[in-house]
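Structure first, commentary second.
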Amino acid sequence: MGISGGLVGACVLAGEINRHSGDLPTALANYDSVLRPFVDEIRGAVNPRLLRLGMPMTQRAIDAFQAATALACFLHVPDLVSRFSKEDRGGSWQLPENLAPISAV
């Protein structure tokens, strides 16, 4: 969810800055209040032990991680996991409508 979260965050931030272009503190506060439920839901689903596996600290662990990742991709494991996944990882949170109003040029 890192890339998805980053894209969602960028859209929400752009919308809030456009809505409150003269008041950056308000835009940032609104950004936090809009995005916080999404971030909290994603964070709640992450197992810290599993997360540590994705951040190896030694060269041996990095090599093992890269080999396991290459093997998983070769065997199309990500495709299989997504095909059999039962729920949307974003949960019930919805992207706000009218994120960034279009100004007349």
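Along the sequence shown, residues carry numbers from 1. Here the structure is a predicted model, which is why all the values come from computation and not from measurement.
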Heavy-atom closest pair (Val12 atom, Tyr31 atom, distance to 0.1 Å) is CG1-CD1, 3.7 Å
When you look at Thr69 and Gln66, which way does the side chain to side chain contact (heavy atoms under 4.5 Å, CB included) test go after all the steps? CA-CA 5 Å; Thr69 303; Gln66 289 176 339; 5.7 Å; no
Are Leu71 and Val77 close enough that some pair of their side-chain heavy atoms sits under 4.5 Å apart? no
Pro37 versus Ser33, closest heavy-atom pair with distance: CD-O, 3.5 Å
Check whether Ser21 reaches the backbone of Ile17 with its side chain - one donor and one acceptor, N or O, closer than 3.5 Å. no
Between Pro56 and Phe65, what is the shortest heavy-atom contact and its length? CG-CB, 3.9 Å
For Pro78, the side-chain contact (heavy atoms from CB on, under 4.5 Å) test, sequence neighbours excluded, returns none
Is there a side-chain contact between Val34 and Glu16 in this structure, where contact means two heavy atoms from C-beta onward sitting under 4.5 Å apart? yes
Where do Leu75 and Leu80 come nearest, in terms of heavy atoms and distance? O-CD1, 4.3 Å
Mind checking the CZ-OG1 spacing from Arg19 to Thr26? Nearest 0.5 Å is all I need. 12.5 Å
Mind checking the CG-CG spacing from Leu28 to Asp23? Nearest 0.5 Å is all I need. 9.5 Å
Less than 4.5 Å apart, any side-chain heavy atom of Asn30 and any of His20? yes
